[in-house]
Amino acid sequence: MTARHTAIAAIADHRIASNQDYTEHAGEEIYGQYVFHEVAQRQYLAKPIFRRLRRTIDGLEPFDPIIADAVAHGVKEWALSHGATHFTHWFVPMTGSTAEKHDSFLSPVGDGKTIAEFSGNNLLQGEPDASSFPSGGIRATFEARGYTAWDVTSPIFLQVEPNGVTMTIPTAFVSFTGEALDHKIPLLRSQEAVGAEALRVLRWFGNSTTGRVFTNIGPEQEYFLVDRRLAEQRPDLVLTGRTLFGAASPKGQELEDQYFGAIRPRILAFMMDLDRELWRLGIPARTRHNEVAPGQFEMAPVYEPTSVGSDHNMLVLATMRRLAPQHGLAFLVHEKPFAGINGSGKHNNWSMATDDGENLLDPGNDPHENAQFLAFLVAVIRGVNTHADLLRASIADAGNDHRLGANEAPPAIVSIFLGSQLEDVIEQLAKGGATGSKKSGSLELGVTSLPALSKDATDRNRTSPFAFTGNKFEFRAVGSSAPIYWPQTVLNVAVADSLKQLADALDDLEPGDFEGLTTILSQMVRDHKQVLFEGNGYSEEWHAEAEKRGLPNNRTTVDALPALSTDKAKDLFSSFGVLSERELASRAEISWEHYVKVSNIEASCALDMARTMILPAAVQYLGQLAAAGGSRGVLTICDQVSGLVDDLVEKITALADAQHAAHEAGSVHAEAKAFASKVIPAQGELREVADELETVVADDLWPMPKYRELLFVY
Ligand code: ADP
Ligand code: MG
């Protein structure tokens, strides 16, 4: 028996370990159990401290360090009561993964004893060595100091492991010079920017009650699960998260029998554990289902304010990664783990809301509300059109290159889908701008008022990267593995830019002058409606049409990233105080470097597997054929395999040469371009030969699990 066959035999005997009594709780009893939420804060903090902390969390006043010691004491008592021994500042450096360093609460008191201590200073600030995190040139290694600062808006939580509990403080990570070294800070800044401009617009509409506008995010997370015993036999899955080789399985997703199909018990057991862990962490996990590809699934939480929702998405991924092995499963969150079947994305549902509970992207019931809705809608349209290049850059990386531009995921062309009803309204607005007038109390905005836009009335378009879905936009082109902070930052800034322009124009307009408003919106629509597209985003016609319209179509990361270095980008980010020129440049640099590093790991891994696994298997088979000799059939196959072996060796050499040449390219930009134009295609050609060999070499000689096993045996 080969290792593959042993694994399959073991999987056949797999029994689901039920390690908890699922009937014990429906969920509400455990919800937020690991979180220092409002109820816990009330219990562990003196009333005046509690009240002031809440005001900061609600964005009403900055945090006053005077209460830090009191808050620290309360949260420590809470954590100790849950068995915590350590605390950590948790942050999201530019690696895109979370980072944490644990300290115990214990501090010696001199008589050979210790006590558990936690000061306000411990809570507010940490000082991790920043030199081993990517900084894109912001910080030389000799100025290694970096600081983490408590993000009061994101709740403190516990990481509970079988043998220990760690109190975890979400933080932002800055350099000694105060520059952002993480994903969180720009997001928080962008929230303020978009909130402030939105408030200006609301004030024009006569809103005097809203204190704050913020954005909400509901990220739908796609992922794969495969059996771990099979996955771990593949160096590519272990090291790169995707299969670099693999012939198509005879059965793929063509029967359309996976999407929304009955969930296998083994997967459901994982999902049950997952939901419970997430609920304990106060993450409102709600939806779970089978996705389109075999072995592919999705989870979606209820939406939350963007900074919390973004942290929570990191925790969702971490929890999936942690729980999958307990169920004998490997969690694959790469954008394209398998060729030939769907990859995974993250649909970011995004909206703007006020602190008094109004969704600004919800069409209202009366003309006044409709006018306000249209103003925000048009602002989003302008923002996405003006900064389509930046939105594309914000989701660009080596993994997502396998989805965008391919015929399965939203295309690399950023366009907006509104649905026919709303598209029609916008068209009328473009044409009839000047006819807006007040008539018998009702407003004409080119249209009498919006038709009742019920959420369910908006049609669906799976091919659009940015779709309006009733009362929110869905940014569908985000990669499954990507932290969502950065795309959300860019979206916030793009919309802030539009809202600012609108608010500036409204400054010159009497409140209530809807005719004037209509003229402004009408012009904005005419200038920016080129970004609207209702048709099939996968089609050839759209690519031609988009080119005619002058919309950017940046197919690869290497095409997309230059957008981050334009004057437009620098002005945009610095004018809203979201990223200084240096901070933006560092982010761009890190993205280029990351692309090169990922591509290089993949090329090295492919070479390793081709040389030491695939070639030996093919040669062994060739030997068997030669030994069998004689028959015409054997000779034919022998010729075929022999030809493929020659090809394989040739392609190995070509890939190695291309990789070597890329390293000599000089700058990281030149290297990235060499990977995109030479190395990745060479790797594709190597794969083609290897995959063909997989279809002819004797099954028992094939040195790694095949697609048909990975995708269907679990
Ligand atoms: P759809 O089927 O239209 O995609 P769902 O109701 O399934 O909508 O929601 C998908 C995701 O969108 C969920 O995470 C949900 O919480 C989120 N969502 C719903 N309304 C909003 C909103 N106003 N702002 C942001 N996200 C939202
Ligand atoms: Mg959706």
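Keep in mind that this is a model prediction, so the values were computed, not measured. Both ligands and their constituent atoms are indexed starting at 1 by order of listing. Positions are given from 1 along the sequence.
Every atom of ligand 1 with a heavy atom of Val302 under 4.0 Å away is listed here by number and element: 16 (O). Within the listing of ligand 1, atoms 14 (O), 26 (N) sit less than 4.0 angstrom from a heavy atom of Gly218.
When only interatomic distances are considered, the shortest N/O to N/O separation between Pro301 and ligand 1 falls below 3.5 Å. In terms of polar-atom proximity, Ser351 is counted as a contact of ligand 1, with an N or O under 3.5 Å from an N or O of the ligand. The distance criterion of under 3.5 Å between nitrogen or oxygen atoms is not met by Thr469 with respect to ligand 1.
Checked options Thr215, Asn348, Thr306; the residue passing with Gln488 is Asn348 (criterion: side-chain hydrogen bond (donor to acceptor under 3.5 Å, both in side chains)).
In this structure, Glu474 counts as a contact residue of ligand 1, since one of its heavy atoms falls inside 4.0 Å of the ligand.
A side-chain donor-acceptor contact under 3.5 Å links Asp397 to the backbone of Gly399.
Checked against the 6.0 Å centroid criterion, the rings of Phe270 and Phe331 do not qualify as a close aromatic pair.
Asp311 and Lys184 are joined by a salt bridge, as a carboxylate oxygen and a charged side-chain nitrogen come within less than 4.0 angstrom of each other. Ion pairing between Glu192 and Arg189 fails under the 4.0 Å rule for side-chain N and carboxylate O. Salt bridge present: Asp504 and Arg200 bring a charged side-chain N and a carboxylate O closer than 4.0 Å. Using a 4.0 Å cut-off between charged nitrogen and carboxylate oxygen, Glu335 and Arg242 do not count as a salt-bridge pair.
Here Asn359 has side-chain heavy atoms under 4.0 Å from ligand 1, and that is the only part of it that gets that close. Only side-chain heavy atoms of Glu220 come within less than 4.0 Å of ligand 1; its backbone N, CA, C and O stay farther off.
Counting only non-hydrogen atoms, the option in Lys472, Glu304, Met352 that gets closest to atom 8 (O) of ligand 1 is Lys472.
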